[in-house]
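Atom set for the values below is all heavy atoms of this structure, side chains included, hydrogens, waters and symmetry mates excluded. Position 1 is the first residue of the sequence, and the numbers go up from there. Bear in mind the structure is a predicted one, so any value in this text is a computation, not a measurement.
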Amino acid sequence: MYREGIAPGILGALFRLVLRGLVLCQSLSKVAGRSVVVTDCRLVGCHSTKNSSCHTDRFRLAPSPWCTTGLVSIQCTVLLLSGPDANVPRDRDVMSVWWTMAVVSAARSSGPEIESQGGGNPPDPRPMLVLSLEGDGLPFPAGRRFAPQQFWTGSPSLQDGNPLGARASGPSRPAHDFIESGEAAMLAWMPPVGALKVQPLADVQTLVRFLGGLSANDLPAGVDPSKGDVVYRGTTGELVMRWELVWNRLDSFVNNSIPIIIVLDNVPYAFAPRPADAVEKGTAYGQNMGPTNVTEYGEFIRTLVRGIVARYGIATVESTFAFRVGTEPNTQPGHWNDTTAKYIDMYIAVAAVIVAEVPGSRVGPANFAADGPTRQPDWDNVIMPIARGIAGANARVDFLAMSCYGRASMCRKPKPPGADSEMARTVSAETPAPTRWVDHTCEYAPAFASECAMRLRSVQAVDAGWGKLPLRTMEYGDQQNSLGIVDSEPGAFGAAWTLSSSVALTAGGVERAYHWGYGDRNFANDNGACAAPLTPCGLYGGNIWIAAAAGHLFGGNGTATVLANHSNPLAASSQGSPTASGIGGWSPEGELRLLVSAFSTQDDHPPVGVSLQFDRPTAWPPNPSGSTSPRGLQYRSMRLTKANSVYDRIFAEAKANGTLQNGTDPNVYTLKTMLSVEGRANVKANGAAWLDLQRESYTPSPWSPLNTAPESDLSLSCTQDKCVVALTSVVPAALAIWIAVA
C-alpha cells in the first residue's frame, strides 16, 4: 500500500540510523513493537559531484552516482513485519517513502547497478528536512548592523490606551525588579544603562498615533476625541500646543534611554476636514484624512520639533530620535482616506522640516501594509505611486518600512469559474459558497514574509539612491486567525512561525522586525526569585522565546548566518508541508550554535527529521578508528514545543477542565482571550508553578556528552572534513543547540 508518510517511531529510528551510522537504509528490528525492513532503495537525486557506492545487508547500490558528501534524495520501500520470525513478512504493510538526507560518507562495494530514478519531484511531506551552515551564507540580521537577538527587539507603542495623559506613557516594568526576578537572565536581555523602567526586549520603540487624531472609541464616552491631540485651534483659529501631552508621551522613553521613532500620525483634527460623525463614531483608527493646508501642517511640525529639541537637546534628538510619516496609507479607509497626492505632499513638507531642524536625525515614509495575497492591487495603485512621487521630489528618505503579519484572514479569494470539490479549498462558512473560498494551506504561510520583503524591495528600487536604505518590518507578528480573532499565537506554533518568517524576511534584506509585546504582563509572583514585594513577573509568548534563545546563543555581539535550505523551500509551507528554518554560527572558541524551527501551517503535523551539514572544525577531536561518531564533544539545548510551552499547557489544562472561553475554539491565546473568569483564577492560583515551567523552557539544559545515548533524538556524524547534526522533531517546535569540545 502506498503512503506518503511514516509512523513517528519508525521515522525516528530510521533517521537516527541514517545519519548517525551513515548507513543509508538497513534492516531495523522491533520498532514500535513491530519489525521493520528497509529495502529496494533507489537514488532519485544527488546534489554532489563526488561518486562512490554503498550497500547494506538488505540491498546494494553500485557505481551509480552517489554522494560521499553532500545531499541526496532517496526512495525506499519499507516493510513493517509482525510475527515471531522477523524474516517472514507476515501481515506486512508496505510504504513507499521519500526523503532527502545529508550523506557524510558511504561504504564502497560492488554489486548490480541500480539506475537513478527520475520522473518528477517526491511528494510532500518529506520526512527529512536538510539545512546547512555555509561560510558565505546570508548574514542574520541582514547587513549585520545589529546582534542576532536585536532582529526582534523593536516594539510599537500606542497612545490609544492613554489618550489624555492620565498616567505616564512608556515602559512600566521597574528595571530593578526585572533584573532581581531573574527575568533579565531568562530572556538574555538587559535594560539600557541607567534605565529605571523597562519594556522587556524593546531596544527601540515606535510611538504610533503620537499626534492624536484618535477615534472616539479611544476616549471616555462623550469626550471629543480632539482632546487627545497635541495641538488644537483656539477661539480665533490660532494653533495652540498641548505640550503636557507631548512630554507625557516622550519623557519616559527619553529618561530611560530608549531610542524612539515618533510616528507623525494621525493628522490632528485641527488640520483636517471633519466628517459629521467623526466625533461620535470615529473611524477604525481615528482621523484618517490628510491636512487641508499642507504648508500650515508643516509649520506645526516645525514648532513641535523645535520644542522637542529645546527640552532634550539637539544631540539627544539627532542620535536617538527618528520620524515616520504615518501608518499604512494603503489600508483604506482605516488608516488613510485621502488621496495619494495629498500623502506625497504631506511627506515632502514634513521631511523638509526634519532636514532643516534636526539634520542628523532620520525620517522615512509610513510602514506600508505588505502582507497577504490580496495586497498587490493597492501596492501597485497606492504604494508605488507614493514612492515615485517622493523620489521625484528628491525628498529625503532614511529608511523604508512595512507591516507584515502572519494571518489566516487574508487567505480568501473569489471562487474560480468551474471550481469543483477536487480543489484544495473549502467553502467559507461566513460567505456565500458561489463567491468566496478559503485556502487553509495559505494561512500563516512564512512564504508570505518573502512576498512582503519582495514588495518592500520594489519600493527600494524606485530610486537608485535608496539601494542601501535599511528595510524594517515595523509591525510584525501573528494577527487574525481563521475565526477573525486577533491572536498573537503565544505557544509553540507562534515560536516556530516567528523564526521561519524572520528567516524569510532576512533573505529579502529586512534587518529588523518590531513585535507587539510579550504576552501577559504582571502575571504573578512566586515564592522564589519573583517573590513580593517585587512587581509580578510576566508570561512570555513564543515570539519572545525565539528572541531569548538568540540572546542565549549569540549574546550581544555574536554573529549568525541564515541556514541554507536544501529540502522543502519556504514556499512549501504555503501547501502545508513541513519546513525547517534557522540561523547558526560559531563562537571564537569553535562552539557551534544553532537556532532551528520545524513549522507547518497545519498546526499538528507528524514529527519530522531535520539534518544540518557544516564544515568540520579543525579544533574538534578526531573520530575513533573505524567510527563516524566523534568523541570528546558535548552539547546542550533549549526547546519549545507544545509539551513545555506555558500557553499550550494552560490551553490543554483549561480544555480538560472546561474553563476555556470557547471550548470549540482550537486556537491558543493570551489569558484574557483564552480563558473564562474561572480559568484565569485557576491559572493565577497556580502562578508560581507556571512561572517555574516558563523558566525551565527558557533555560539551556546542562552540558551532556554527545552521541552516548543510543536513543537520543540528536546525533552527530563526521568525516574528516564534513559533519551532520541530525535530530527528530515534533511540529511545531523551536530548538536551540550548542555543540562544543568537552
Quiz item: From L483 CG over to N481 CG, what is the distance, rounded to the nearest 0.5 angstrom?
Solution: 5.0 Å
Self-check item: Atom pair CE/CZ of M638 and R636 - distance to nearest 0.5 Å
Solution: 9.5 Å
Practice problem: Provide the closest heavy-atom pair for V731 versus P606 in the form atom of the first, atom of the second, distance. | Solution: CG2-O, 3.7 Å
Quiz prompt | Verdict with reasoning, S181 to R173, per side chain to side chain contact (heavy atoms under 4.5 Å, CB included) | solution = CA-CA 11 Å; S181 67; R173 179 96 163 105; 3.4 Å; yes
Practice problem: With side-chain hydrogen bond (donor to acceptor under 3.5 Å, both in side chains) as the test, would you mind laying out the steps for T659 and N657 before giving the verdict? | Solution: CA-CA 6 Å; T659 55; N657 295 338; 5.0 Å; no
Exercise. Check L539, D520, L675 against T670 for a side chain to side chain contact (heavy atoms under 4.5 Å, CB included) and give me the one that passes.
Key: D520
Quiz item: Is a donor on one side and an acceptor on the other found under 3.5 Å between the side chain of R249 and the backbone of F210?
Solution: yes
Self-check item: Candidate list V562, L563, T561, L595, test side chain to side chain contact (heavy atoms under 4.5 Å, CB included), partner F140, passing option
Solution: V562
Self-check item: Shortest non-hydrogen contact from F554 toward G585
Solution: CE2-N, 3.9 Å
Self-check item: Inter-residue atom distance L196.CG - S252.OG, 0.5 Å rounding
Solution: 9.0 Å
Quiz item: Do S488 and W516 touch side chain to side chain, with heavy atoms closer than 4.5 Å?
Solution: no
Quiz item: How long is the gap from CG on D692 to CG on N527, to the nearest 0.5 Å?
Solution: 9.0 Å
Exercise. For the pair D203 and T153, evaluate side-chain hydrogen bond (donor to acceptor under 3.5 Å, both in side chains) and give the outcome as yes or no after the intermediate values.
Key: CA-CA 5 Å; D203 289 326; T153 59; 2.8 Å; yes
Practice problem: With side-chain hydrogen bond (donor to acceptor under 3.5 Å, both in side chains) as the test, would you mind laying out the steps for D160 and Y285 before giving the verdict? | Solution: CA-CA 9 Å; D160 307 30; Y285 303 103; over 6 Å; no
Self-check item: Between N644 and S697: side-chain donor-acceptor atoms closer than 3.5 Å
Solution: no
Quiz item: Where do N248 and S169 land on the side-chain hydrogen bond (donor to acceptor under 3.5 Å, both in side chains) test, with the steps shown first?
Solution: CA-CA 6 Å; N248 176 271; S169 296; 3.2 Å; yes
Practice problem: Mark yes or no for whether S676, through its side chain, and G679, through its backbone, hold a donor-acceptor pair below 3.5 Å. | Solution: yes
Quiz item: Quick one: are R512 and P141 in side-chain contact, heavy atoms under 4.5 Å?
Solution: no
Quiz item: What is the minimum heavy-atom distance between V198 and P171, and which atoms define it?
Solution: C-CB, 3.4 Å
Exercise. Decide if the gap between the ring center of F599 and the ring center of Y444 is smaller than 6.0 angstrom.
Key: no
Quiz prompt | Side-chain heavy-atom pair V610, V608 within 4.5 angstrom cut-off | solution = yes
Quiz item: Is a donor on one side and an acceptor on the other found under 3.5 Å between the side chain of K655 and the backbone of L660?
Solution: no
Quiz item: Are any non-hydrogen side-chain atoms of Y476 and Y405 less than 4.5 angstrom apart?
Solution: no
Exercise. For the pair N543 (side chain) and A495 (backbone), establish whether a donor and an acceptor sit closer than 3.5 Å, ignoring hydrogens and angles.
Key: no
Practice problem: Would you indicate whether the side-chain heavy atoms of M402 and E475 approach each other to under 4.5 Å? | Solution: no
Quiz item: Side chains of C530 and P536: closer than 4.5 Å at any heavy-atom pair?
Solution: no
Quiz item: Yes or no on salt bridge (charged side-chain N to carboxylate O under 4.0 Å, His left out) for R407 and E443, after CA distance, side-chain angles and deciding distance?
Solution: CA-CA 6 Å; R407 308 177 191 254; E443 298 173 356; over 6 Å; no
Quiz item: Are the side chain of S155 and the backbone of H515 linked by a donor-acceptor contact shorter than 3.5 Å?
Solution: yes
Quiz prompt | Test of ring centre spacing under 6.0 Å for Y540 and Y518 | solution = yes
Quiz item: Roughly how far apart are F448 CZ and R375 CZ, rounded to 0.5 Å?
Solution: 12.5 Å
Exercise. Evaluate the side-chain proximity of P732 to H605: yes if any heavy-atom separation is below 4.5 Å, no if none is.
Key: no
Quiz item: Which atom names give the shortest non-hydrogen contact between A548 and A188, and what distance separates them?
Solution: O-CB, 3.9 Å
Quiz item: Judged by atom type as modelled, is there a donor-acceptor pair below 3.5 Å linking the side chain of Y514 to the main-chain atoms of T473?
Solution: no
Practice problem: Before accepting this row, confirm whether a basic side-chain N of the pair R695/D526 lies closer than 4.0 Å to the acidic partner's carboxylate O. | Solution: yes
Quiz prompt | Criterion side chain to side chain contact (heavy atoms under 4.5 Å, CB included) on W152 and S502, from CA distance to verdict | solution = CA-CA 9 Å; W152 299 284; S502 297; 2.8 Å; yes
Quiz prompt | Spacing of D487 atom CG and Q479 atom CD [to the nearest 0.5 Å] | solution = 9.5 Å
Quiz item: Quick one: does P700's side chain get under 4.5 Å of H552's, heavy atoms only?
Solution: yes
Exercise. Go through L201 and Q149 one step at a time and tell me if the side chain to side chain contact (heavy atoms under 4.5 Å, CB included) criterion holds.
Key: CA-CA 9 Å; L201 282 167; Q149 186 187 59; 3.8 Å; yes
Quiz prompt | Test item: S501 side-chain N/O and W497 main-chain N/O as donor-acceptor pair under 3.5 Å | solution = yes
Quiz item: Any sub-3.5 Å donor-acceptor pair from E180's side-chain atoms to D177's backbone N or O?
Solution: no
Quiz item: Between the main-chain N or O of S215 and the side-chain N or O of D218, is there a donor-acceptor pair closer than 3.5 Å?
Solution: yes
Exercise. Work out which heavy atom in C452 is nearest to a heavy atom in L505; give both atom names and the distance.
Key: CB-CD2, 4.4 Å
Exercise. Report the C-alpha separation of R680 and V677 in whole Å, then their side-chain angles, then the decisive distance to 0.1 Å, and conclude whether the side chain to side chain contact (heavy atoms under 4.5 Å, CB included) test is met.
Key: CA-CA 5 Å; R680 293 198 298 275; V677 173; 3.7 Å; yes
Self-check item: Main-chain N/O of V208 paired to T206 side chain as donor or acceptor, under 3.5 Å
Solution: no
Quiz item: So which heavy atom on S257 is nearest to which on V193, and how close?
Solution: OG-O, 3.6 Å
